[in-house]
Amino acid sequence: TLFRSQHLGTELGNSSHGGAQPCKGCSQRTLKVEFSSTVVQHEYIVAFNGYFTAKARSTFISSALRSSGVEDWRIVPRSNPASDYPSDFEVIELKENPRVGVLTLEDHPNIKRVTPQRKVFRSLKYVEPETSVPCNET
């Protein structure tokens with residue numbers, strides 16, 4: 001695999017004001033946001049130097065990869081309304097010679113960068129605080 005890494009993280013937040021006193025009946029919970037991400041094997045985000053039609057983006061990618069001999073690739077379909085409009089990126093699946101393919105794509109004049117596709121997992125969880133937290137009365 002060309003790229004392999006994983007990121008983990010946590011964020012905590014609450015709605016307290018410094019020096020305020022807890023009010024009766026308020027729940028004193030903190031929102032905990034947990035997230036992780038992993039690289040999606042064989043998928044890359046191709047960012048372009050401008051907004052181009054789907055046909056132009058496909059032509060740029062195919063001409064670059066054809067010149068390097070990479071044939072086993074495809075554009076990952078996007079199923080959303082914005083996919084009908086010009087875009088500045090494309091997600092591709094590149095199984096054959098990924099290092100050569102990425103380097104070749106990065107040399108194309110209309111391609112700004114190529115980065116591994118990442119899948120992000122997030123979860124929200126309310127946790128009870130260890131100490132009394134002032135309420136936000138706004």
Side-chain angles (χ1 to χ4, degrees):
T1 301
L2 184 59
F3 300 99
R4 174 173 269 142
S5 67
Q6 183 173 18
H7 295 283
L8 303 172
T10 301
E11 293 178 9
L12 292 174
N14 62 38
S15 57
S16 64
H17 293 293
Q21 298 297 318
C23 53
K24 288 184 177 183
C26 284
S27 66
Q28 296 180 10
R29 296 185 294 179
T30 299
L31 179 61
K32 183 177 182 181
V33 179
E34 295 181 331
F35 58 92
S36 66
S37 69
T38 57
V39 171
V40 178
Q41 192 173 19
H42 305 299
E43 288 190 9
Y44 300 88
I45 300 171
V46 178
F48 297 93
N49 290 326
Y51 286 81
F52 299 98
T53 63
K55 184 175 181 177
R57 295 189 312 268
S58 176
T59 300
F60 298 154
I61 293 168
S62 63
S63 66
L65 293 177
R66 191 178 320 111
S67 72
S68 68
V70 176
E71 295 180 14
D72 190 9
W73 67 276
R74 72 179 183 97
I75 293 175
V76 177
R78 287 188 260 167
S79 56
N80 64 47
S83 62
D84 295 336
Y85 297 97
S87 176
D88 64 345
F89 78 96
E90 199 68 78
V91 177
I92 65 167
E93 184 178 52
L94 183 59
K95 291 187 176 180
E96 178 188 352
N97 297 325
R99 184 175 303 279
V100 170
V102 167
L103 292 173
T104 301
L105 287 167
E106 289 176 334
D107 284 341
H108 192 281
N110 293 106
I111 295 176
K112 186 187 303 184
R113 69 181 166 275
V114 180
T115 56
Q117 168 77 311
R118 300 189 71 82
K119 185 179 280 192
V120 177
F121 302 94
R122 292 186 182 109
S123 66
L124 302 176
K125 181 180 179 181
Y126 282 107
V127 294
E128 299 300 326
E130 294 176 16
T131 60
S132 181
V133 177
C135 289
N136 179 1
E137 295 182 25
T138 58

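All figures in this text were calculated on a predicted structure; none of them were measured in a lab.
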Taking all heavy atoms of [X] and all of [Y], pick out the closest pair and write down the distance.
| X | Y | result |
| --- | --- | --- |
| S68 | V100 | CB-CG1, 4.0 Å |
| W73 | S58 | CH2-O, 4.4 Å |
| R118 | S37 | NH2-OG, 3.0 Å |
| Y85 | R57 | O-NH1, 4.2 Å |

| By side-chain hydrogen bond (donor to acceptor under 3.5 Å, both in side chains) - contacts of R66 (at least two apart) |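 By the side-chain hydrogen bond (donor to acceptor under 3.5 Å, both in side chains) rule, R66 matches no residue at all.
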Looking at [atom1] of [X] and [atom2] of [Y], how far apart are the two atoms once the value is rounded to the nearest 0.5 Å?
| X | Y | atom1 | atom2 | value |
| --- | --- | --- | --- | --- |
| Y51 | F89 | OH | CZ | 9.5 Å |
| E93 | I75 | CD | CD1 | 12.0 Å |
| D72 | N97 | CG | CG | 9.5 Å |
| L103 | H108 | CG | NE2 | 15.0 Å |
| D88 | N110 | CG | CG | 12.5 Å |
| K112 | N49 | NZ | CG | 6.0 Å |

| task | Take V91 and E43, measure what side-chain contact (heavy atoms from CB on, under 4.5 Å) needs, and give me the verdict at the end. | result | CA-CA 7 Å; V91 177; E43 288 190 9; 4.0 Å; yes
| field | Check against side-chain contact (heavy atoms from CB on, under 4.5 Å), I92 and L105 | value | CA-CA 11 Å; I92 65 167; L105 287 167; 3.6 Å; yes
| query | For the side chain of E96 and the backbone of E71, is there at least one donor-acceptor N/O pair under 3.5 Å apart? | reply | yes
| request: Could you walk me through whether T104 and V70 pass side-chain contact (heavy atoms from CB on, under 4.5 Å), step by step? | output: CA-CA 10 Å; T104 301; V70 176; over 6 Å; no
| task | Could you tell me how the ring of F60 sits relative to the ring of F48: parallel (under 30°), tilted (30 to 60°) or perpendicular (over 60°)? | result |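 F60 and F48: tilted rings.
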| said: Looking at R113, I'd like to know if its CZ atom is crowded, meaning that more than 12 non-hydrogen atoms belonging to other residues, nucleotides or ligands lie closer than 6.0 Å. | reply: no
| query | Should we count CZ of R74 as having more than 12 external heavy atoms under 6.0 Å? | reply |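 Yes, because the 6.0 Å sphere around CZ of R74 holds more than 12 heavy atoms from other groups.
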| Do Y44 and F52 sit in the same hydrophobic cluster, where Ile, Leu, Val, Met, Phe, Trp and Tyr count as joined when their side-chain heavy atoms come under 4.5 Å apart? |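 Same cluster: Y44 reaches F52 through Ile, Leu, Val, Met, Phe, Trp or Tyr contacts under 4.5 Å.
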| message | Under 4.5 Å between side-chain heavy atoms, counting indirect links through other Ile/Leu/Val/Met/Phe/Trp/Tyr residues: same cluster for V33 and V120 or not? | response |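 Result: no, two separate clusters.
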